[in-house]
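First the proteins, then the strands, lettered A, B, ... as listed; each starts at 1.
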Number of protein chains: 4
Amino acid sequence: MARRAGSTGAETAEKLRNAALELFARSGYAAVSMREIAAETGVQAGAIYNHFPTKQDLLNELLQVHMETLLNAWSEAEEPGLTPPQALEHFVRFHIRYHLAKSREVFISYMELRNLEAANFSAIEGLRRRYESVPRAILDRGAADGTFDIVDPQVTTMAIIAMLNGMTTWYRENGRLSLDEIEALYVRLVARLVGQKKED
Amino acid sequence: MARRAGSTGAETAEKLRNAALELFARSGYAAVSMREIAAETGVQAGAIYNHFPTKQDLLNELLQVHMETLLNAWSEAEEPGLTPPQALEHFVRFHIRYHLAKSREVFISYMELRNLEAANFSAIEGLRRRYESVPRAILDRGAADGTFDIVDPQVTTMAIIAMLNGMTTWYRENGRLSLDEIEALYVRLVARLVGQKKED
Amino acid sequence: MARRAGSTGAETAEKLRNAALELFARSGYAAVSMREIAAETGVQAGAIYNHFPTKQDLLNELLQVHMETLLNAWSEAEEPGLTPPQALEHFVRFHIRYHLAKSREVFISYMELRNLEAANFSAIEGLRRRYESVPRAILDRGAADGTFDIVDPQVTTMAIIAMLNGMTTWYRENGRLSLDEIEALYVRLVARLVGQKKED
Amino acid sequence: MARRAGSTGAETAEKLRNAALELFARSGYAAVSMREIAAETGVQAGAIYNHFPTKQDLLNELLQVHMETLLNAWSEAEEPGLTPPQALEHFVRFHIRYHLAKSREVFISYMELRNLEAANFSAIEGLRRRYESVPRAILDRGAADGTFDIVDPQVTTMAIIAMLNGMTTWYRENGRLSLDEIEALYVRLVARLVGQKKED
DNA sequence: TATGAATGAGACTTCATTCAT
DNA sequence: GATGAATGAAGTCTCATTCAT
């Protein structure tokens, strides 16, 4: 059969990306078959190859796009001229909101790294390090101007990111705490980690 | 051929557990085949089934044993009579040392949860919650006697655990910091998170 | 490789059915592997699954189609308005001819019943009972109008069917007796079994 | 472990024969594994090989012993000096009783012939032909002395055997008819098949 | 004689991928 | 751009059989 009326290539590719994202997040890259992705999308497995050369490319594109979108989103959100405490709060709120909105992308970007081929892995790692340099730079600024009392900038940066990301494992919509409350809590916790002189 | 002279069942089972642990940690449960585990161990794939009924049982046993060993290790390490700050430091040092020593077990106990069948998953989750109740109880004690100033005990507990576990992703033997230094750093960071009055 | 030029799905499915029929009849369902069926058909084992979901389905379809075809063939062959002796002769000749023409189907429909899963088994059993009701009804008519002297209609029905089917185990083309002679012999034997007043 | 107290080799061999008989009859030779036979018997699969060299030998011994026992039983039961009608009735009653008592042996002796290796197959076939010569001889005697009116001795012999064996597929203890009634029915049916002048 | 651990082959089935249509 | 049929490799698991103990 030929293309079904009403569907375009771009639409199908997008449906495939969504299905793969959902399935990779739920079951893991290695446990998901091309047939499952196809079935979720309403096409045959063979049709996937009109849009993505290999299964690996599908994963790689998801992660690549995610990291780039994350960096772009931060570029847009970033506000120059803030003091280190303000900048850190701004970053924490951004990070939490973005990571909860894109929880599946975030999840697979941590879980499926080892399933990337070497070249793809390096590219993603580079982007991740660029993102991690954002809080690191804020910490360094705050350490320099004395508004923070940093224990060890490297370790503290990783601690902050690990702490924030941990939230995605237990956060539930309609849970005990609203998103705003969670943001506020983490802002205070992060402020403590960096030895900020007075909270807020 | 039959059993090779000098080999015993217990030995083979242990070699299989080790190989599976290593391979699951490196490539992920779904990406590792029984043939690979067998090859690593020097037996035929079919021989695995003399020791473990299914691949799932192999994973489950690794995780089950890990969680129970962790809880037992804490039972042994626990020192009653410590003040909350002392107890928290004691827990942090225990957790870091144990988790670095058993980094592969820890890793798969987080990564492969979703590959457990429902019943196995529940059992592991129960053990995990028991372990998480350890720091939670310390926080509650410290909040009660005023030695801690806790932002939110639930969130802070999860934040501490996430922060500590994050270390396993970047720690390298022969890295910039020794294990002792890392322990000391995290003790201070955790003290900050719980609003401990004076560090140490 | 993908589909080979000139081959269609229906053709392959039919070749698979034929190969399975032949092999199941010769060696038995349990002793025949999917690889053997595939090899006989000139495809890879995996390709079978494009046409039949499981090995069980392959067997079931063969039996189901056989029983339905048999019942349909009788529907076509049946001639209303015959006297019981005429009807019985008509049935015997039909049964012999059909069962020799489809000897492999008949064979596996008796031999492989126990290899059917419960639901499939019940379906086949129902069809078989429908077929067995054909001679039974003729016997009952003949008993009612006095043209037959039936010893026990149930037992006699089963005896007739067993006797007729037994022929498939020793019949050989080019044997001592022609098909026509065999038909005539069995017509007389059956007439005796039902106590028919005068032969023919 | 060594032999368990209280068990002897002969006992185990007999238990193995029984288990194999039961399982082969229920599921078919090809579908039964040595492990299943062992499990049913309470030993390990390896222990079977102390009693039977191969799975094929197990089957062959069951069939061989069955056929020989059948022939011996007939030798004992046979009564010389009977008239052909008396002899035929005697045979029919013997056959029915024996075949119902040993229904599993009879069943596999028909179903599993094709799973015998060539040499074993020939041996069993020879024994079967010897048994089939029993009714054949009676028919020939009755034809010679005019007490029977045989349509075709070969075909009638096979028809009688097929008819009698068919009973094993529908006979149920506690069914509508007692064993005695069934015997009597078949005696009458067989008498009809051979054109016996007056029933009984 | 029995166990339990092993082999090597092979079972059914699924996989990523290809390609004629 | 999509289908459906195919490949060839590989998946988990079971098999008959062997043999040190």
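- Stem analysis of DNA chain E (at least three stacked-register Watson-Crick or G-U pairs, each with both distances under 3.5 Å) gives E:2-21 with F:2-21.
- Distance CZ (A:Phe52) to C1' (F:dA2): 15 Å, rounded to an integer number of Å.
- Under the side-chain hydrogen bond (donor to acceptor under 3.5 Å, both in side chains) criterion, D:Glu117 pairs with no residue at all, not counting sequence neighbours.
- Remark: A:Thr54 engages A:Asp57 in a side-chain hydrogen bond (donor to acceptor under 3.5 Å, both in side chains) (not counting sequence neighbours).
- The separation between A:Ile48 atom CD1 and F:dG4 atom P is 15 Å, rounded to whole Å.
- What separates CD of A:Glu11 from P of F:dG1 is a distance of 13 Å, to the nearest Å.
- In this entry the distance linking CG of A:Leu16 with P of F:dA2 reads 8 Å, nearest Å.
- Protein atom CG of D:Asn50 is 11 Å distant from nucleotide atom C1' of F:dT18, rounded to whole Å.
- Residues passing the salt bridge (charged side-chain N to carboxylate O under 4.0 Å, His left out) test with C:Arg26 are C:Glu22, sequence neighbours excluded.
- Every residue two or more places apart in sequence or in another chain that forms a side-chain hydrogen bond (donor to acceptor under 3.5 Å, both in side chains) with A:Asn115 is listed here: A:Glu112.
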Below 3.5 Å, can you tabulate the donor-acceptor pairs from side chains in residues 44-53 of chain B to any protein atom, sequence neighbours excluded?
none

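- One atom, NZ of A:Lys15, and another, C1' of F:dA2, lie 12 Å apart when rounded to the nearest Å.
- For D:Thr12, the side-chain atoms get nearest to E:dA2 when compared with the rest of E:dA2, F:dA6, E:dA6.
- Cation-pi geometry between A:Arg128 and A:Tyr110 is satisfied (NZ or CZ under 6.0 Å from the ring centre, within 45° of the ring normal).
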Letter per nucleotide, 5' to 3', of nucleotides 10-16 of chain E [B base touched, S only sugar-phosphate touched, - untouched; heavy atoms, 4.0 Å]: BBBBBSB
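- Atom CD in C:Gln44 sits about 13 Å away from atom C1' in F:dA10, given to the nearest Å.
- By the side chain to side chain contact (heavy atoms under 4.5 Å, CB included) test, B:Asn18 is found to be paired with B:Glu14, residues two or more places apart in sequence or in another chain being considered.
- Regarding contacts with the backbone of E:dG4, every side-chain N or O of B:His51 stays at 4.0 angstrom or more from both OP1 and OP2.
- Spacing between atom CD1 of D:Ile37 and atom P of E:dA2 amounts to 15 Å, rounded to whole angstrom units.
- Residues meeting the side-chain hydrogen bond (donor to acceptor under 3.5 Å, both in side chains) test with D:Glu61, sequence neighbours left out: D:Arg17.
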Worked verdict on B:Leu59 versus B:Asn120 for side chain to side chain contact (heavy atoms under 4.5 Å, CB included): CA-CA 10 Å; B:Leu59 173 62; B:Asn120 297 335; over 6 Å; no
